[in-house]
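Both backbone and side-chain heavy atoms feed into the values below; hydrogens, waters and symmetry mates do not.
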Amino acid sequence: MAPWRPRPGIPGLPHSAAARSLESCWRLWVCFLLSGVALSALAACFAGPFMESTLGYAARMFSGPEGDDSWHAMHVASQYLRDHPEAPIYQDVFFDLRTKFQYPLTSLLITDLPAMLPGISEAFMVKVLQLLARLCLPLIAIVFTLLFVGAVRQQAGSAAAFRLPPGQQVALAATGLASVLLFYPITRSEFLGQIQTFMTLAAGLALLAWQRGSPRLAGVMIGLCCIIKPHWGIVIVWAAFRRQWSLALPALATATLFGLIALWKYGLANMLDYIPVVSFIGKHGEGYYANQSVNGLVNRMLFNGNNLEWLSHEFAPFHTLVHAATLASSILLLGGVLLWKRNKSPSVIDLALVMLTLTIASPIAWEHHYGLLLATFAVLLPAVVHERPWGAWALPLTWVAFILTSQSFVALTNALADTRWNFAQSYLFFGALIVLALLYRVSWIEWRAGQRHAEARDSHLDAMRDARA
């Protein structure tokens, strides 16, 4: 993919290899953004409605936050715990009342601990969380920009940071904010009122901390993700397999601390009552088009369960083939990433790889769960530009992956819901698989370069020993 004819740049950049590389990658990223928005808007013009396009969701960000998708379910669970302290929370709320409270009880500490203070009501806490979720957007933009610049520096082999004039910093920051507002999974998450917005920020901060050589901070961020989504503990296992204790131990300590507080507040019986919920979700999943996972894909292809309408009290019916495909794909994906190049010193690419893998491997991976892909592209695009992992195909594949994962095409693909072509509704999932393949390829190139460096070093040491002898 070639930048457009005027070849816009960032005026005033210092004259260095890293600065030139930054300008080239920035120009390419702007091309990605503009082409993605154009395609999404074109799809909305033909199929409508406009508000379901990427631009439509970006426009919603200029109104007040109103969504309470996560907050409502959490409020129901908190209220039930207060009213029925001896009742099994998940058996009653999830199975009997059929409210889709699918989080562990550690997640309720976000609202329940502040609510213990005098004068703090549930309604007030919801408003605060909605406001904080909105404030996450510019923070995600800052994280994206810092990751992007840091990745360019690493690929250019620049040991020292180059200082950017204020005007150039503003240009990069504006691009970062535009990237967030035009990245559909993130704006969708904030619009719905999803706790996932906080997780997207935490995941980005983990990548940034790892990139900058602060593994303990990265571990704390991963631990915070674990209290909302326990399967993020896979990152702890991944780090332990590679003896990256400076990440694994802080992550484990953070998750354990919140787990002990939840145990004290809610009791062991309620904590264990979460296990049947996880089992039920793994066996059923969701056929609703927003579920961008193997489970969602197979459910839809078999016309098993609801597709177009969100049902707040129902899951897809159990289907043996769906369950087998979900289980087999999860084992394959997670086993592969845990065992991948365990002797390699893990880079930020490798951390992004395990984060994306555990998202794809989940039985339910909503569109907004893929918000972490924005931070992933920040470290992946400079690597693709520098390494060309699949030669001339590398950049086109990266562009296709970006288009599929960052834009909304539901107006077009949902028209295929009742046909044999409904697999097209999983376009985001397919785009995520392309990103996964690119991450694996770049990780392999890094590993091979490390092997060559080690071989050259050993050869040099052998030559020195021979010379002394």
Side-chain angles (χ1 to χ4, degrees), residues 1-42 54-55 58 138 140-158 161-184 186 204 207-208 211 348-349 352 373-407 431 434-435 438-439 441-442 445:
M1 177 179 177
W4 67 91
R5 190 176 298 277
R7 297 180 64 80
I10 309 175
L13 277 177
H15 297 288
S16 68
R20 289 194 298 272
S21 181
L22 174 61
E23 184 171 63
S24 176
C25 290
W26 174 85
R27 184 185 298 122
L28 191 61
W29 180 253
V30 173
C31 286
F32 277 32
L33 282 178
L34 293 179
S35 60
V37 171
L39 288 173
S40 178
L42 186 64
T54 305
L55 284 175
I140 294 171
I142 293 172
V143 170
F144 167 82
T145 304
L146 294 175
L147 276 170
F148 192 86
V149 174
V152 170
R153 285 183 51 241
Q154 287 184 348
Q155 294 300 327
S158 175
F162 46 82
R163 298 185 65 86
L164 296 174
Q168 284 66 57
Q169 294 180 23
V170 170
L172 288 171
T175 305
L177 185 58
S179 301
V180 171
L181 294 178
L182 298 176
F183 204 81
Y184 169 71
I186 294 179
L207 288 173
L208 182 61
Q211 183 191 67
V348 67
I349 289 290
L373 278 173
L374 180 63
T376 302
F377 278 115
V379 298
L380 178 62
L381 181 62
V384 169
V385 170
H386 185 264
E387 303 291 353
R388 297 298 173 103
W390 280 311
W393 287 98
L395 281 177
L397 281 172
T398 307
W399 177 76
V400 170
F402 172 79
I403 295 298
L404 294 177
T405 58
S406 67
Q407 307 301 314
I434 298 175
V435 176
L438 286 165
L439 289 171
R441 179 61 178 165
V442 172
I445 291 173

Sorted by chain and residue number, the ring-ring contact (aromatic ring centres under 6.0 Å, His included) partners of Tyr184 (sequence neighbours excluded) come out as Tyr57

Hits for side-chain hydrogen bond (donor to acceptor under 3.5 Å, both in side chains) against Thr405, two or more places apart or cross-chain, chain-then-number order -> none

Separation between CG (Leu172) and CG (Leu177), nearest 0.5 Å, reads 13.0 Å

Side chains of residues 373-388: which donor-acceptor pairs under 3.5 Å do they make with residues two or more places apart or in other chains?
residue: Thr376; atom: OG1; partner: Leu372; partner atom: O; Å: 3.0
residue: His386; atom: ND1; partner: Gln155; partner atom: OE1; Å: 3.3
residue: His386; atom: NE2; partner: Gln155; partner atom: O; Å: 3.0
residue: Arg388; atom: NE; partner: Val385; partner atom: O; Å: 3.4

Sequence neighbours excluded, the answer for side-chain contact (heavy atoms from CB on, under 4.5 Å) partners of Leu397 is Trp390, Trp393, Ile434

Across all chains, not counting sequence neighbours, the side-chain hydrogen bond (donor to acceptor under 3.5 Å, both in side chains) partners of Thr145 are none

Separation between CG (Leu33) and CG (Leu28), nearest 0.5 Å, reads 10.5 Å

Distance col, row Phe402:CZ vs Cys31:SG, nearest 0.5 angstrom, shows 11.0 Å

Smallest heavy-atom separation, Ser179 atom then Phe144 atom, equals OG-CE2, 3.7 Å

- Message: Set out, in order, the CA-CA distance, both residues' side-chain angles and the distance that settles ring-ring contact (aromatic ring centres under 6.0 Å, His included) for Trp26 and Phe148, then state yes or no.
- Response: CA-CA 9 Å; Trp26 174 85; Phe148 192 86; 9.2 Å; no

Gln407 meets the side-chain hydrogen bond (donor to acceptor under 3.5 Å, both in side chains) criterion, sequence neighbours left out, with Thr54

In short, Leu147 meets Gln211 closest at the heavy-atom pair O-NE2, 3.2 Å

